[in-house]
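The block underneath contains the structure these notes are about, expressed in structure tokens.
In what follows, chains carry the letters A, B, and so on, assigned in the order in which the sequence lines appear, proteins first and then strands, with residues in each chain numbered from 1.
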Number of protein chains: 2
Amino acid sequence: MTNNKDVTIYDIAEKLNLSTSTVSRALKNHSSISKKTTKKVNDAAKEMGYTPNTLASSLRSNKTKTIGVLISRINRPFMASLISGIEETAQKAGYNVIITQSHDSYQDEVDMAQALYNSRVSGIICSLAMETTKTDHFQQFIDKGIPLVFVDRVPKEFNTYRVMIDNYSAAFKATKHLIEQGCTRIAHIAGLKFRNIYNERERGYRDALKQYNLEVDEDLIVHVKTMSYEEGEKATNKLLDLETPPDGIFSSNDTTAVAAIQVAKNRGLKIPEDIAVIGFNNDPISHIIDPGLSTISHPAFEMGKTCSKKILKHLKRSKIDSITEITFLNTEVIVRGSSKRK
Amino acid sequence: MTNNKDVTIYDIAEKLNLSTSTVSRALKNHSSISKKTTKKVNDAAKEMGYTPNTLASSLRSNKTKTIGVLISRINRPFMASLISGIEETAQKAGYNVIITQSHDSYQDEVDMAQALYNSRVSGIICSLAMETTKTDHFQQFIDKGIPLVFVDRVPKEFNTYRVMIDNYSAAFKATKHLIEQGCTRIAHIAGLKFRNIYNERERGYRDALKQYNLEVDEDLIVHVKTMSYEEGEKATNKLLDLETPPDGIFSSNDTTAVAAIQVAKNRGLKIPEDIAVIGFNNDPISHIIDPGLSTISHPAFEMGKTCSKKILKHLKRSKIDSITEITFLNTEVIVRGSSKRK
DNA sequence: AGTTTTTACGCAACCGATTGCTTAAATATA
DNA sequence: TATATTTAAGCAATCGGTTGCGTAAAAACT
């Protein structure tokens, strides 16, 4: 059973005693085909159950109507929303989305970039793996004129589209908020420094302290690698074990911030009275935990939409040249119980 | 800038004075090509920067090394993990994954199924949209011999692969657990009845009550449409406003269960003393909320892996016939603070 | 040396749609 | 009526690999 042969334009052509060129043109409403023939062809196509073979037309045109996505992991709230935004916009424009994961591994990222290249994607959207420091594997897309958008975790230098938030000022705002709530000894659970976004957040944190004449105590800055819950617990314990523990924590993501809250609560501290906490991302957990986690809104879905739009717009251009363009999306401080002292 | 022509096997053939057939075979280590030539070809390919054109070979073989995924929404923890599992297994086997979303709309699901069909995916994995009741749009895959796997939200009748959990017995276990903790008036926040999995869960709930000689009170069963947080709040308020409110709630997902906890807490009820709650899915939020939410583990990632494996295995078969096979994955009751009375 | 077998490679069709160029027929113009 | 123009459609090459079949050369065998 099964395995019916697909109906092709050859079948339609044969049935109607036409050439394949005429059928092809009729199906696309080309002006050089008479209305009568066009109708006849379209009717036959429908009746015979014709479905265009995307592969064949892609091969011919060397265009695929497919956008490749290369991210660390799908199953994180931020990434899932990002993809959702990418997919929704692409879908509306008739584009497919291919998803690949690097699992934060450099080698996987290189392999997947190659696989996407071989699939002849029309464009590629990438958020770098934690490990990645070199970006040579993306040069081939530029050389080929394939639009490349880096999102969120973007490389410092690369002449292409970048869609991101202003991490520096977001972190500045977060830290400033804690200061305004009366914190004077604010710790920072930071990400790896060579990863741009975390470095920027750390910079914003430091500058906010300086601007308000607070001392920057290196003991209060803990760098963690993967920003997991467990690492958040460890970092928080380390901070609370200090001789003079902090009275506020600004964490580079919500997962570690939630860990901080749990640890502090378990150690009998009151939040936000004894220690105020603010995270980053506005993950769903942030309004589930008690007290609610103050955080920075990170417009994931919106970013995804923007990425797709950049690609689609680029593909419509006639001039083929490389483009450098950085788009910043807005963030804001979301104040919940974990930091609200006044 | 840009638009370098790709290197093809023709370029390699010309450079080495060989035919394209020889080059093609050499690149695949075909036995009929001498080792010397094979090496020469592979060296030249590497040197010239050859990348195979997947489209061309797909067109010829009518196989794409691509698995299509059609789900309601990506940005939900269960779905994100499911996709992650699908993608990881597919990736290892050299397959790409195309993601599409139905947004729980029947029409979108039909359109996306068609788009995936046109893309000539090698297999398709689908979790039905909430709205979907007819499944005619999937028949074309069966007719064509393309493996189709339904996962989680599966149709009642369809001769194909299905990967799911035993919703009936999971719900039975959840309800039984509440009974064992001393609950005697257990409510159920249920999903739409025509969606199989929710119906099964409701059945398990009812049967558990009966088995333990507890009355099934229709007032205690609230059906909600999309299982959102807001709907969970509404449902809980309705239940707690009853003349004789429940002392336990079994909710068909974690989102509504968390909503139930929050509402109950806000109304001054103690959990689990006044009212015990158990959810379904084991979403990340379940161990973040206070008290921790008891729930049913739903092996999303594992399910994803299983789906991909079914497809890959099917594609390796030589006999081409349709297959009906239902795979049940294990679930267990995860007991946390929200229901632990003893 | 003559015959059979094996090895290594090439020829050409094919997958399905697209498109520049050509041409036959229909219509308009002189 | 003869010629110019427009309309409608077909021919054949093309995109880049793949593969069944054929064959010359080398190796093995009598």
_Tell me the interatomic distance from Lys63(A), atom NZ, to dA17(C), atom C1', rounded to whole angstroms._
15 Å
*Just call it for Ser61(A): base, sugar-phosphate, or nothing, with non-hydrogen atoms closer than 4.0 Å on any strand.*
nothing
_Ignoring hydrogens and geometry beyond distance, is a side-chain donor-acceptor pair present between Asn96(B) and Ser119(A) at under 3.5 Å?_
yes
*Select from Ile9(A) and Ser21(B) the residue whose nearest nucleotide in DNA chain C is closer to the 5' end of that strand.*
Ser21(B)
*Calculate the interatomic distance between Lys36(A) atom NZ and dA9(D) atom C1'; express it in whole Å.*
13 Å
_d(OH, Tyr10(B); C1', dA13(D)) in whole Å_ = 12 Å
_Quick check for you: among dA9(D), dC9(C), dG16(C), whose closest atom lies nearest to any side-chain atom of Thr22(A)?_
dA9(D)
_Closest nucleotide among dC9(C), dG16(C), dG17(D) to the Ile33(B) side chain_ = dC9(C)
*Integer-rounded Å distance: dA9(D) C1' and Asn29(A) CG*: 16 Å
*Which is it for Glu88(B) and His103(A) under the side chain to side chain donor-acceptor pair (under 3.5 Å) test, yes or no, and what are the steps along the way?*
CA-CA 9 Å; Glu88(B) 197 166 304; His103(A) 301 104; 3.2 Å; yes
*Are His137(B) and Tyr117(B) close enough that a side-chain donor and a side-chain acceptor fall under 3.5 Å?*
no
*Tell me whether the OP1 or OP2 atom of dA17(C) has a side-chain N or O from Tyr50(A) closer than 4.0 Å.*
yes
*Which part of the nucleic acid does Asn53(A) contact within heavy-atom distance under 4.0 Å: base, sugar-phosphate only, or nothing?*
sugar-phosphate
_Distance, rounded to the nearest Å, where His30(A) contributes NE2 and dT19(C) contributes P_ = 8 Å
*Donor on one side chain, acceptor on other, Glu131(A) and Ser105(A), under 3.5 Å*: no
*Reckon Asp11(B) touches a base, only the sugar-phosphate, or nothing at all at heavy-atom distances under 4.0 Å?*
nothing
_Expressed as a whole number of angstroms, how long is the span from Leu55(A):CG to dA17(C):P?_
10 Å
*Ignoring backbone atoms, establish whether Ser19(A) has a side-chain N or O less than 4.0 Å from OP1 or OP2 of dG10(D).*
yes
*asked:* Measure CD1/Ile12(A) against C1'/dG16(C) and give the value in whole Å, please.
replied: 12 Å
*Just call it for Leu18(B): base, sugar-phosphate, or nothing, with non-hydrogen atoms closer than 4.0 Å on any strand.*
sugar-phosphate
*Does Ser24(A) put a side-chain nitrogen or oxygen below 4.0 Å from OP1 or OP2 of dG16(C)?*
no
_Closest-nucleotide 5' rank along DNA chain C - winner of Val23(B) and Arg120(B)_ = Val23(B)
*For dA9(D), does either OP1 or OP2 sit under 4.0 Å from a side-chain N or O belonging to Ser34(A)?*
yes
*Which whole-number value in Å describes the distance from Asn62(B) CG to dG16(C) P?*
6 Å
_Nearest listed nucleotide, side chain of Arg25(B), among dG17(D), dA17(C), dC11(C)_ = dC11(C)
*For Thr38(A), answer base if it contacts any base atom (sugar-phosphate contacts may also be present), sugar-phosphate if it contacts only those atoms, and nothing otherwise; contact means non-hydrogen atoms under 4.0 Å.*
nothing
*Which sits closer to the 5' end of DNA chain D, Ser31(A) or Leu59(B), going by the nucleotide each is nearest to?*
Ser31(A)
*Can you tell which of Val149(A), Ile71(A), Ile197(A) makes a side-chain contact (heavy atoms from CB on, under 4.5 Å) with Ser127(A)?*
Ile71(A)
*With a 6.0 Å cut-off on ring centres, are Phe158(B) and Phe150(B) close enough?*
yes
*asked:* At 4.0 Å (heavy atoms only), tell me whether Ser32(A) reaches a base, stays on the sugar-phosphate, or touches nothing.
replied: base
*Base, sugar-phosphate alone, or nothing: which one does Thr37(B) contact when heavy atoms must sit under 4.0 Å apart?*
sugar-phosphate
